[in-house]
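These notes concern the structure reproduced below.
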Amino acid sequence: MSEDYRRNCQCPHVVQQMVLINIKDMLRSMGKDIRSFPLPGVDMLHDTTNGVPKEIIEESMIKVDPEDTALCNSLNTEQRAAYDEILATVDHNEGGLFFIDGPGGTGKTFLYRALLATVREQGKIAIATATSGVAASIMPGGRTAHSRFKIPLRIDDGAICTFTKQSGTAKLLQMASLIIWDEASMTKRQAVEALDNSMRDIMDKPNLPFGGKTVVFGGDFRQVLPIVRHGSRGQILDASLRRSNLWGCMRHLQLVRNMRAQNDPWFVEYLLRIGNGTEEINDNGDIHLPDNICVPYTGDDSDLDKLMESVYPTLNDCLADPNYITSRAILSTRNDCVDNINLKMIDRFQGEEMVYHSFDSAEDDPHNYYPPKFLNTLTPYGLPPHMLKLKINCPIILLRNIDPANGLCNGTRLVVRGFQKNAIDVEIVLGQHSRTRVLLP
Ligand SMILES: Nc1ncnc2c1ncn2[C@@H]1O[C@H](COP(=O)(O)OP(=O)(O)OP(=O)(O)O)[C@@H](O)[C@H]1O
C-alpha cells in the first residue's frame, strides 16, 4: 500500500500517515475504528479530503454507465409511470415513500438502475441498497442495507441505526436525494423502522417519515419472507414490512409484465400461481414440478452428477466466458450439502488446483474442550470449509464486506485466475467493477 504513496512522497513519516489514513477509512467503512487496533496514531493534518467524509467521496465517485442512462428510454408503461412519479419527488425535493411491488422478472432492478443513473447524472447522491449481498451487487454502488445504514444485527421494536449524527453515514444520508432498498419484503420491519427513526433524527424532522427523503422500497412478498429463528407463521408475518405503520404511508406502484420470461407465458403464469398460493397441491401440500424442468431422482449416487451435467453442460469449453459461469447455479438448503456439491463440482474443472486450510482455535478453552479437529468439522454460515479446494477459472462468491467501495462486498461474484501462498488472485465478473483483478487475503 505504501509503495503508491512513496512514488509521490519521499518523507517516510508522511507516507506512514497517508497509509494510516487509508487504513482508517477502510476500517470505518466496515464499521470499525482504527483506534481499537495496535497501530501508530493518525495525524489528520495529512488528510487530503478536507474533512469530506469518505462515504460521500466514494458515493460521488460512482461512474454512471451510459447503458444505464439509456435504460430510461426502454422502460415499459408501468416502469415509466413509476420512474416519472419517483423522479418528480426528487426534482421537487419534496420527499416520498414508495413500494415497487412486482413478481420476479417484472423489471424492478431495471427500474432502479434507470433511476440511479438519472439521479447521479444530475450530480445528486443516490444510495442503492438491498437486503441481500447478491441483489446489492447488481446495482451500481449497491451495498447491503445493514452495512450501509449500520443497522444492528439484533433488532427490536423502536431500535435505531448505530451511526451517530456526526458520522460520515449521517452526512451521506442527509445529502442523499434518493434512497433505494431492494428486497425490502425479505427484511424485518424493525430494520426499516430503525432507518426511519434515525433519518427523522438526523434530518431534524421528527414528524416526517424518513425525515422527508425520497425512499424507494421494492420486493415481492411471494418470494422469501424475513427469517425469524424458530418463528411461528404469526411471528414471521408480524416481522414483515406489511405489518409496519410505515406500510400505510407508502405509495404502492405495481409492475406486472414479466420481462424475463416474455417468451414463455405458461411459465410466467405457473410461477405466479405458486407465488399466490393458487397452484394445485397434493395431500402433503406439495406442488407438482413439470417434468421438463426436473432432473429425475433415482436415489443413485450418479443423480448429483446428472444434475451438474444438466446445469453446467460443456463446462470446460466455456470457462473463459464469465457470463456462462455467472448465469447458472446449483442451490441447496444445507451448508454440508453445499460443501459436498462444491467438492464434486470442483473436480469437474480442468486445470491447476490449490487447497487452502483454515487454522482455528478456541479462545478461553484451557481444558481443550474444542480441539482444532472438532472445530474443523463445523460448517457455520459465512465461513468457508476447513479444507477449501479451488481451481483456476472456478467461480466463487465473497461472503464478507472486505472493501465495498471497490466492489468487494458480501455477494460479489468472482472467478479464480491464480493462486499465491496466502492470497487468491481473482477477477470480479459481475456488476460495476467487473473485469477488475484483485487479491483476496
Ligand atoms: N423495459 C425493459 N426492457 C427490456 N428488458 C427488460 C425491461 N425490464 C426488465 N428487463 C429485463 O428483464 C429481466 C428481468 O428484469 P429484473 O432483473 O430487473 O427483474 P426483477 O423484478 O428485479 O426480478 P427479481 O425479482 O427476480 O430480482 C432482465 O434481464 C432485464 O434486463
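Quick note: residue numbers are just sequence positions, from 1. Everything quoted here is computed from the prediction, not taken from an experiment. Each ligand, and each atom within it, is numbered from 1 in the order the structure gives.
Closest protein heavy atom to atom 12 (O) of ligand 1: Met259 CB, 3.4 Å. Annotation: atom 16 (P) of ligand 1 to nearest protein heavy atom, Gly107 CA, 3.7 Å. Nearest protein heavy-atom neighbour of atom 8 (N) of ligand 1: Gln79 NE2, 3.1 Å. Closest protein heavy atom to atom 22 (O) of ligand 1: Thr109 OG1, 2.6 Å. In terms of protein heavy-atom proximity, atom 23 (O) of ligand 1 is nearest to Gly105 N, 2.9 Å. At the top of the distance list for atom 17 (O) of ligand 1, counting protein heavy atoms only, stands Arg260 NH2, 3.3 Å. The nearest heavy-atom contact from the protein to atom 31 (O) of ligand 1 is Phe110 CD1, 3.6 Å. Protein heavy atom at the shortest distance from atom 20 (P) of ligand 1 is Lys108 N, 3.5 Å.
Residue contacts with ligand 1: Thr106 is included, with a non-hydrogen atom under 4.0 Å away. Residue contacts with ligand 1 leave out Gln262, since none of its heavy atoms falls under 4.0 Å from the ligand.
Between Glu352 and Lys391 no salt bridge is recorded (no basic side-chain N to carboxylate O distance below 4.0 Å). Look at Lys188 and Glu193 and you find no salt bridge, because none of the NZ, NE, NH1 or NH2 atoms lies under 4.0 Å from a carboxylate O. A salt bridge links Lys165 and Asp201; the closest N-O separation between the charged side-chain nitrogens and carboxylate oxygens is under 4.0 Å. Between Asp157 and Arg189, at least one side-chain N (NZ, or NE/NH1/NH2) sits under 4.0 Å from a carboxylate O, which counts as a salt bridge. The pair Asp305-Arg348 meets the salt-bridge criterion, with a side-chain N (NZ, NE, NH1 or NH2) lying under 4.0 Å from an Asp/Glu carboxylate O.
Not less than 6.0 angstrom separates the ring centroid of Tyr83 from the ring centroid of Tyr112.
Paired with Val415 under the rule side-chain contact (heavy atoms from CB on, under 4.5 Å), one option of Ile428, Leu430, Val429 passes, and it is Val429.
Note: no N/O pair closer than 3.5 Å links Leu75 and ligand 1 by distance alone. Between Gly102 and ligand 1, no pair of N/O atoms sits closer than 3.5 Å.
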Please lay out, stage by stage, how His92 and Leu87 fare under the test side-chain contact (heavy atoms from CB on, under 4.5 Å). CA-CA 8 Å; His92 299 126; Leu87 276 189; over 6 Å; no
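A cation-pi arrangement is found for Arg242 relative to Phe221, the charged atom lying closer than 6.0 Å to the ring centre and inside a 45° cone about the ring normal.
For ligand 1, the atoms lying closer than 4.0 Å to a non-hydrogen atom of Gln223 are 25 (O). The ligand atoms of ligand 1 that sit less than 4.0 angstrom from a heavy atom of Ser74 are 1 (N), 2 (C), 3 (N). For ligand 1 and Asn76, the ligand atoms under 4.0 Å from any heavy atom of the residue are 1 (N).
Within a 4.0 Å radius of atom 26 (O) of ligand 1, the protein contributes one or more non-hydrogen atoms.
In this structure the side chain of Met175 never reaches within 4.5 angstrom of the side chain of Ser60, judged on heavy atoms.
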